[in-house]
S.K.: 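What follows is a structure written as structure tokens; I'll ask about it next.
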Protein chains: 2
Amino acid sequence: MTETDSSHADQTVTADDVAEAAGVSRWTVSRAFKKDASISPKTRAKVLAAAEAVGYLPDLQAASLASERSNLVALLIDDFNNPHKLVMLERLTRVLRKNGWDTLLVNTLDGTETNHALLSASQRRVDAAILIGLQFSDALLNAATGARRVKKLIIFARSSENANTISISVDDREAMREMTAYVLSRGYRKPMFLAGPDTHSAHLRRKETFVELWQQETGVQPEVIGVESYDSNLAYGIATQTLKGRARADLPDVLVCENDALAMGAIDAIRHEMNLRVPEDIAVTGFDDVPQAARPNYQLTTYRQPITRMAERLVEILQNAENRDDNCSFLGEIVVRASA
Amino acid sequence: MTETDSSHADQTVTADDVAEAAGVSRWTVSRAFKKDASISPKTRAKVLAAAEAVGYLPDLQAASLASERSNLVALLIDDFNNPHKLVMLERLTRVLRKNGWDTLLVNTLDGTETNHALLSASQRRVDAAILIGLQFSDALLNAATGARRVKKLIIFARSSENANTISISVDDREAMREMTAYVLSRGYRKPMFLAGPDTHSAHLRRKETFVELWQQETGVQPEVIGVESYDSNLAYGIATQTLKGRARADLPDVLVCENDALAMGAIDAIRHEMNLRVPEDIAVTGFDDVPQAARPNYQLTTYRQPITRMAERLVEILQNAENRDDNCSFLGEIVVRASA
DNA sequence: AATTTTCTTGCACGCGCGTGCAAACCGGTG
DNA sequence: CACCGGTTTGCACGCGCGTGCAAGAAAATT
């Protein structure tokens, strides 16, 4: 039916059709769509007009088959519980798209499927794999770097010393230095640190930094508790379990949390389990500045990572062919709200 | 350097290499990787072993160029604020991957770039475009259906009567019928409905259904308020503005919300702005059963959509070549918690 | 044992486009 | 007018694999 309908052959418009319409060769059409190609301005204009007329757009699959670039990146994520991931997804996809990259979303949550997922991504000839997950084991990293066709491995929003790996992250040490200074400046003296799980390959140095600096500044070792995943409910449970029933004098005056998810769980526990006030009885700080942190009932003092700038840096790295491992770190800023 | 290193030629292993290693032709290799292909079991085993040995995996780009399938779908999303989106992303990517599909994540948040993003996806030869956003204008839908190479357009978790469109969603009418019955059964008599924005193309019928049923059952028209986007902070603001300062007798006894994001904002407002209790003073219900709804301090009574089953249905639709518009709707279940 | 029938395998061709090279073109100069 | 440097265009080849068809091998039938 539609095959004989040649009035507008929208079935599949190829460069040949455009070439015929514009009265040039197919290769000239190809050049018209390529920036910095050797083609005269008027020919390009003529070709682009013809392309517009017949409704042509280059086929990126075919293009990446023929060239060595795919302009496609894989985004590997294994934690869908933290709203901060949504923020990163939004920023990354937006910035990448704006610069001509498409994004393959790969869920590596299911551990047994992780390698398979990674290989699957490599089967799509991605120019890079970007990890924004938490639990990338060394096995995963090795699988990734070993995977053929994955040219670059980029760890986003985490730092890593692993070789063959580029990491783009906030400077956790400097961030915690600022946060520690802030907490001290507000007069808090009995802190407790609420930490997330320890991961090996890509690490947040927040806990170590806080403990070290606090010790250094006050001579006192701060109390530290931890949860085994960045989950608000777990934080709620651990905070309740640790603090509820303590004598008032034994309670911390500030709870410094490794990220906002933990902080929000802790705030809920303090209020709803212990009937205490934030920040009057116990102050709380977070990290990430997720959208929920600004909610009127949290008003969380936290640290904002410059995700957009980090994403833009990512694009620069993608554009550079050379694979020198330029790990780069950024500075964010404390966002002071009512919680501390 | 690495080119002369032919011990394991990991640069690019193609089917030819496997063919040589296995002592068969390249096309036999191709068949070994294709389910239901005409090939003897022993040959297949031999080929797969050889492939394993040389580290070969089929190149999906080349495969989709040669065939008419890409096993790639585009996921279009324009709302990154609702945690429910994270749930859907996780489920969809997991189920799709399990069934051999890869996912292209397309951020259509930036309105002016929406069409461009859609076209860009079509340039990747996606087998289908899946919309899980909110604001798909008719213009967007038309652009999508008009876009070449986008064979199917599927609206997920929203219903739509638009032609050339397949929608997979929960039966909103039936869901609200259950919710209304529950609210009535609990003895609430002064409801207020908190609605999200009205969108045209793909609509939730929750507000209409609730109003209609309540009227029908009690003869009373329930009060309705609305926010212009599904945002907790907005819901907090509107709830505060509407309810704060009302005489106790004029307050609703239950706030039925179009989704959990609105409900959680409302709960926060009720507690922190009005110093009232949930559910004793005002009960609240939501919709979606986002992870946060189970948090101890929300304990939100809500309605859970069977996202995984819906995703599996999606896969079936993708596998069927014929494009009959089988809009399908699912039944979820009320999740009763403490908030109502 | 000869001959069908059914499986299995090999192969030409094409999917749509990019790259490198050579031919063609253009305008300007001695 | 011939010559030359620079620019623009055309073209063979290949990217890695799937599909349809025909030849070959194996199994089943008489």
Side-chain angles (χ1 to χ4, degrees), chain A residues 9-20 22-47 50-51 54-72 100 122-127 148-149 151 321, chain B residues 9-20 22-47 50-51 54-72 100 122-127 148-149 151 321:
Chain A
D10 49 8
Q11 275 300 60
T12 301
V13 179
T14 75
D16 286 300
D17 302 325
V18 180
E20 190 177 3
V24 297
S25 72
R26 183 175 71 65
W27 298 272
T28 302
V29 175
S30 190
R31 286 197 187 85
F33 279 89
K34 183 179 181 184
K35 198 164 154 57
D36 303 327
S38 164
I39 186 174
S40 74
K42 37 185 181 281
T43 310
R44 167 171 276 153
K46 181 175 62 176
V47 171
V54 299
Y56 168 79
L57 281 177
D59 182 324
L60 268 42
Q61 303 269 79
S64 69
L65 186 59
S67 75
E68 278 311 303
R69 299 276 297 258
S70 64
N71 273 27
L72 183 66
S122 82
Q123 290 182 267
R124 296 272 177 199
R125 299 183 162 227
V126 293
D127 284 337
R148 308 167 351 286
R149 296 178 189 139
K151 299 153 197 164
Chain B
D10 50 7
Q11 276 299 61
T12 301
V13 179
T14 74
D16 286 299
D17 302 325
V18 180
E20 190 177 2
V24 297
S25 71
R26 183 175 71 66
W27 297 273
T28 303
V29 176
S30 189
R31 287 198 185 84
F33 278 89
K34 184 179 180 182
K35 197 165 155 59
D36 303 327
S38 163
I39 185 174
S40 74
K42 37 184 182 281
T43 310
R44 166 172 276 153
K46 182 174 62 176
V47 171
V54 299
Y56 167 79
L57 281 177
D59 183 324
L60 268 41
Q61 303 269 80
S64 69
L65 186 59
S67 75
E68 278 311 303
R69 301 274 298 254
S70 64
N71 273 28
L72 184 66
S122 83
Q123 288 182 267
R124 296 273 177 199
R125 296 183 161 227
V126 294
D127 285 337
R148 307 167 351 285
R149 295 176 190 143
K151 299 154 197 164

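Just so we're clear, the structure is a prediction, and the values are computed from it rather than from any experiment. Numbers restart at 1 for each chain; the letters A, B, ... are given by sequence-line order, proteins then strands.
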S.K.: Nearest 0.5 Å please: distance from the CD1 atom of I39(A) over to the CZ atom of F33(A).
M.R.: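 If I round to the nearest 0.5 Å, the distance is 10.0 Å.
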S.K.: Rounding to a whole Å, what distance do you find between L57(A):CG and dC17(C):C1'?
M.R.: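 Rounding to the nearest Å, CG of L57(A) and C1' of dC17(C) are 14 Å apart.
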S.K.: Can you measure from CG (D59(A)) to OG (S64(B)) and round to the nearest 0.5 angstrom?
M.R.: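 Rounded to the nearest 0.5 Å, the CG-OG separation comes out at 8.0 Å.
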S.K.: Just how far is it from atom CG of L57(B) to atom CD of Q123(A), taken to the nearest 0.5 Å?
M.R.: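 One finds 4.5 Å between CG of L57(B) and CD of Q123(A).
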S.K.: Between R44(B) and R31(B), is there a donor-acceptor pair closer than 3.5 Å when you use the side chain of the first and the backbone of the second?
M.R.: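 Judged by distance alone, yes, a pair lies under 3.5 Å.
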S.K.: Give me the atom names and distance for the closest heavy-atom approach of V29(B) to V47(B).
M.R.: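 Looking at all heavy atoms of both residues, the closest pair is CA-CG1, 3.8 Å.
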S.K.: K42(B) or S64(B): which one's nearest nucleotide on DNA chain D is closer to the 5' end?
M.R.: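 Its nearest nucleotide lies further toward 5', so the answer is S64(B).
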S.K.: Hey, does L65(B) reach any base, or is it just sugar-phosphate, or nothing, if we go heavy atoms under 4.0 Å?
M.R.: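 Counting heavy atoms under 4.0 Å across all strands, the contact made by L65(B) includes a base.
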S.K.: What heavy-atom pair brings S70(B) and R125(B) nearest, and what distance separates the two atoms?
M.R.: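 Smallest heavy-atom distance, with atoms named: OG-O, 2.6 Å.
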S.K.: Measure the distance from CZ on R124(B) to C1' on dC17(C) and round it to the nearest whole Å.
M.R.: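 After rounding, the gap between these two atoms is 13 Å.
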S.K.: Just the rounded figure in Å: distance from P of dG14(D) to CD of E68(A).
M.R.: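 That distance rounds to 15 Å.
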S.K.: Tell me the interatomic distance from N71(B), atom CG, to dG18(D), atom P, rounded to whole angstroms.
M.R.: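 Going from CG in N71(B) over to P in dG18(D) covers 11 Å.
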S.K.: Go through the steps for R69(B) and D127(B) under the test side-chain contact (heavy atoms from CB on, under 4.5 Å), then give the verdict.
M.R.: CA-CA 7 Å; R69(B) 301 274 298 254; D127(B) 285 337; 3.7 Å; yes
S.K.: Let me test you: for the helix from dA1(C)-dT30(D) to dG30(C)-dC1(D), what is the angle between the axes at its two ends (five pairs each), rounded to 10 degrees?
M.R.: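 Comparing the axis at each end, I get an angle of 50°.
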S.K.: Measure the NZ-OG1 distance between K46(B) and T28(B) for me, rounded to the nearest 0.5 Å.
M.R.: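 Rounded to the nearest 0.5 Å, the NZ-OG1 separation comes out at 8.5 Å.
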S.K.: Collect all protein-nucleotide pairs involving nucleotides 5-7 of chain C in which both atoms are nitrogen or oxygen and the distance is under 3.5 Å.
M.R.:
none

S.K.: Calculate, to the nearest 0.5 Å, the distance between atoms CZ and CZ belonging to R124(B) and R124(A) respectively.
M.R.: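 If we round to the nearest 0.5 Å, R124(B):CZ and R124(A):CZ are 10.5 Å apart.
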S.K.: Which atom pair, heavy atoms only, marks the closest approach of D17(A) to T12(A)?
M.R.: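 Closest heavy-atom pair between D17(A) and T12(A): OD2-O, 3.6 Å.
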S.K.: Just how far, in rounded Å, is P of dG18(D) from CD of Q61(B)?
M.R.: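 My rounded result for the distance is 13 Å.
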S.K.: Name every residue in residues 24-36 of chain B that has at least one heavy atom under 4.0 Å from any atom of DNA chain D, in order of residue number, or write none if there are no such residues.
M.R.: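 DNA chain D contact set from residues 24-36 of chain B: R26(B), W27(B), S30(B), R31(B), K34(B).
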S.K.: I39(B) CD1 to dC11(C) C1': how many Å, rounded?
M.R.: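 From I39(B) CD1 to dC11(C) C1': 16 Å.
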S.K.: Please tell me which of S67(B) and A37(B) maps to the more 5' nucleotide of DNA chain C, matching each residue to the nucleotide holding its nearest heavy atom.
M.R.: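 Its nucleotide being nearer the 5' end, the pick is A37(B).
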